[in-house]
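Remarks on the structure that follows.
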Amino acid sequence: MATAPSAASRIAIVTGASSGIGAATARQLAAAGYRVVLTARRKDRIEALAEEINAAGHSAAAYQLDVTDRAAVDEFATAFQTIGVLVNNAGGALGADPVATGDPADWRTMYETNVIGTLNVTQALLPKLEASGDGTVVVVSSTAGLGTYEGGAGYVAAKHGEHVLAETLRLEIVGRPVRVIEIAPGMVKTDEFALTRFGGDEAKASKVYEGVAAPLTADDVAETITWAVTRPSHVNVDLLVLRPRAQASNTKVHREL
């Protein structure tokens with residue numbers, strides 16, 4: 001059974017909420033009783049999602065935000081006295097080139113979005129989470145943050161950084177009323193992740209999931225996030241790795257070809 005959020009901690013902010021895991025998480029947290037604040041760069045997407053959530057009888061607001069813009073993040077944070085949940089979901093992968101030929105610009109973008117973006121939002125909102133008396137930081141990382149694979153070094157390096165950020169933050173704020181939860185999904189099939197990674201090449205994007213009968217969905221991950229967030233306050237899900245049954249590791253996938 002999900003635990004209903006208390007009045008002091010019922011605001012949940014979701015970054016990268018314009019599609020995929022972020023959008024699904026916003027829907028499920030709203031259904032669980034949170035007032036969700038949707039942030040992303042694509043204003044039209046999050047406004048449409050907020051309308052959908054509100055029309056379903058829940059509560060949502062949209063706020064256009066680039067998590068890599070620290071000044072904008074700090075300004076955004078001033079809108080809140082307290083919040084209950086921060087879901088650091090914004091991120092993504094670019095390219096699948098080997099180290100020898102990887103594009104440094106892609107590496108920099110992935111690091112800025114996945115690591116510095118998470119740092120910016122967490123730093124700006126941590127006082128608001130603590131002020132609620134019952135805050136939760138969620139970092140949506142990846143199994144790429146726990147193990148490497150060929151062609152993935154740039155994304156793997158960024159997700160390792162995000163994983164270590166969560167792990168270190170948990171050590172540093174122990175004793176304060178804020179949990180730090182890390183959810184690390186494996187193969188998740190969404191409309192945009194692989195397509196963005198391969199620069200819009202649909203053939204390459206489709207090949208990632210070729211022969212995999214049932215990769216994870218955005219809803220699978222969102223349900224897991226919502227479950228972790230709605231545990232009683234004394235229960236901290238430090239790290240939860242989530243994979244489809246067909247995926248035993250980052251490099252071992254059963255494909256029905």
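- A continuous path of ILVMFWY side-chain contacts below 4.5 Å connects Trp227 to Tyr34, so both sit in one hydrophobic cluster.
- Residues Asp74 and Arg70 form a side-chain contact, since some pair of their non-hydrogen atoms from C-beta on lies under 4.5 Å apart.
- Side chains of Arg197 and Lys204 form no contact here, defined as non-hydrogen atoms less than 4.5 Å apart.
- In Asp238, the CG atom is crowded: over 12 heavy atoms of neighbouring residues, nucleotides or ligands sit closer than 6.0 Å.
- Ser141 and Pro185 get closest at one heavy-atom pair: O-CD, 3.6 Å.
- Using a 3.5 Å distance cut-off with no hydrogens or angles, the side chains of Asp134 and Ser132 do not pair a donor with an acceptor.
- Applying the side chain to side chain donor-acceptor pair (under 3.5 Å) test to residues at least two apart or on different chains, the pairs with a partner in residues 99-114 are Asn114-Lys159.
- Side chain to side chain, Arg42 and Ser18 meet the donor-acceptor criterion of an N or O pair below 3.5 Å.
- Nearest heavy atom pair, residue Ala17 against residue Leu49, reads O-CD2, 3.4 Å.
- For CD of Gln247, the number of neighbouring non-hydrogen atoms (other residues, nucleotides, ligands) closer than 6.0 Å is greater than 12.
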Give the C-alpha distance, both sets of side-chain angles, the deciding distance and a yes or no for side-chain contact (heavy atoms from CB on, under 4.5 Å) between Val241 and Thr143. CA-CA 7 Å; Val241 175; Thr143 55; 3.7 Å; yes
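- Judged purely by atom type and a 3.5 angstrom limit, Thr78 uses its side chain to pair as donor or acceptor with the backbone of Glu75.
- Contact annotation: the side chain of Val73 approaches that of Val121 to within less than 4.5 Å [non-hydrogen atoms, C-beta and beyond].
- Of all heavy-atom pairs between Leu38 and Ala50, the closest is CD1-N, 3.5 Å.
- Atom NE2 of His254 and atom NZ of Lys252 lie 10.0 Å apart (nearest 0.5 Å).
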Run the side-chain hydrogen bond (donor to acceptor under 3.5 Å, both in side chains) test on Thr122 and Asn88 for me, step by step, so that the C-alpha distance in whole Å, both residues' side-chain angles and the decisive distance to 0.1 Å come before the verdict. CA-CA 8 Å; Thr122 301; Asn88 285 299; 3.0 Å; yes
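- Connection of Ile21 to Leu242 is established within a shared hydrophobic cluster, with ILVMFWY side chains joined at heavy-atom distances below 4.5 Å, either directly or through further cluster members.
- Judged as a ring pair (Phe, Tyr, Trp, His ring centres under 6.0 Å), and not counting sequence neighbours, the contacts of Phe76 are Tyr63, Phe80.
- Contact record, Ala24 with Asp219: CB-OD1, 3.4 Å, taken as the closest heavy-atom pair.
- Here the CE atom belonging to Met187 is positioned 11.0 Å from the OG atom belonging to Ser142, to the nearest 0.5 angstrom.
- The closest donor-acceptor contact from the side chain of His58 to the backbone of Gly33 lies at 3.5 Å or more, if one exists at all.
- Leu216 and Val140 fall within the same hydrophobic cluster, where Ile, Leu, Val, Met, Phe, Trp and Tyr residues are linked whenever their side-chain heavy atoms come under 4.5 Å apart, directly or through other members.
- Of the inter-residue distances, the one linking Glu150 atom CD with Asn250 atom CG reads 12.0 Å to the nearest 0.5 angstrom.
- Looking at Thr39, its side chain never comes within 3.5 Å of a backbone N or O of Gln64 through a donor-acceptor pair.
- The minimum heavy-atom distance between Asn54 and Ala60, with the atom names listed, is OD1-N, 2.8 Å.
- Atom OG1 of Thr118 sits about 6.5 Å away from atom CG of Leu165, to the nearest 0.5 Å.
- With Asp66 contributing its side chain and Arg41 its backbone, the two residues share no donor-acceptor pair below 3.5 Å.
- Listed by chain and residue number, Tyr155 satisfy the ring pair (Phe, Tyr, Trp, His ring centres under 6.0 Å) test with Phe193 (two or more places apart in sequence, or in another chain).
- You'll find the side chain of Leu125 reaches within 4.5 Å of the side chain of Ile83, heavy atoms only.
- Annotation: the span from Leu29 atom CG to Ile11 atom CD1 amounts to 13.0 Å, rounded to 0.5 Å.
- Here the OG1 atom belonging to Thr136 is positioned 3.5 Å from the CZ atom belonging to Arg179, to the nearest 0.5 angstrom.
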Go through the steps for Asn89 and Thr25 under the test side-chain contact (heavy atoms from CB on, under 4.5 Å), then give the verdict. CA-CA 9 Å; Asn89 170 73; Thr25 300; 5.8 Å; no
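- Cluster annotation: Val139 is connected to Leu169 through the hydrophobic network of ILVMFWY side chains, with a link wherever side-chain heavy atoms come within less than 4.5 Å.
- Thr190 and Ala218 get closest at one heavy-atom pair: CG2-CB, 4.1 Å.
- More than 12 heavy atoms of other residues, nucleotides or ligands lie within 6.0 Å of NZ in Lys128, so this atom counts as buried by the packing criterion.
- Summarising the local packing, CD of Glu192 is surrounded by more than 12 heavy atoms from other residues, nucleotides or ligands at distances under 6.0 Å.
- Of the charged side-chain nitrogens involved, none lies within less than 4.0 Å of a carboxylate oxygen, so that Arg170 and Glu167 do not count as a salt-bridged pair.
- Residues Leu146 and Tyr149 do not share a hydrophobic cluster, clusters being chains of Ile/Leu/Val/Met/Phe/Trp/Tyr side chains in contact below 4.5 Å.
- Within the 4.5 Å cutoff, side-chain heavy atoms of Leu126 are placed close to those of Arg176.
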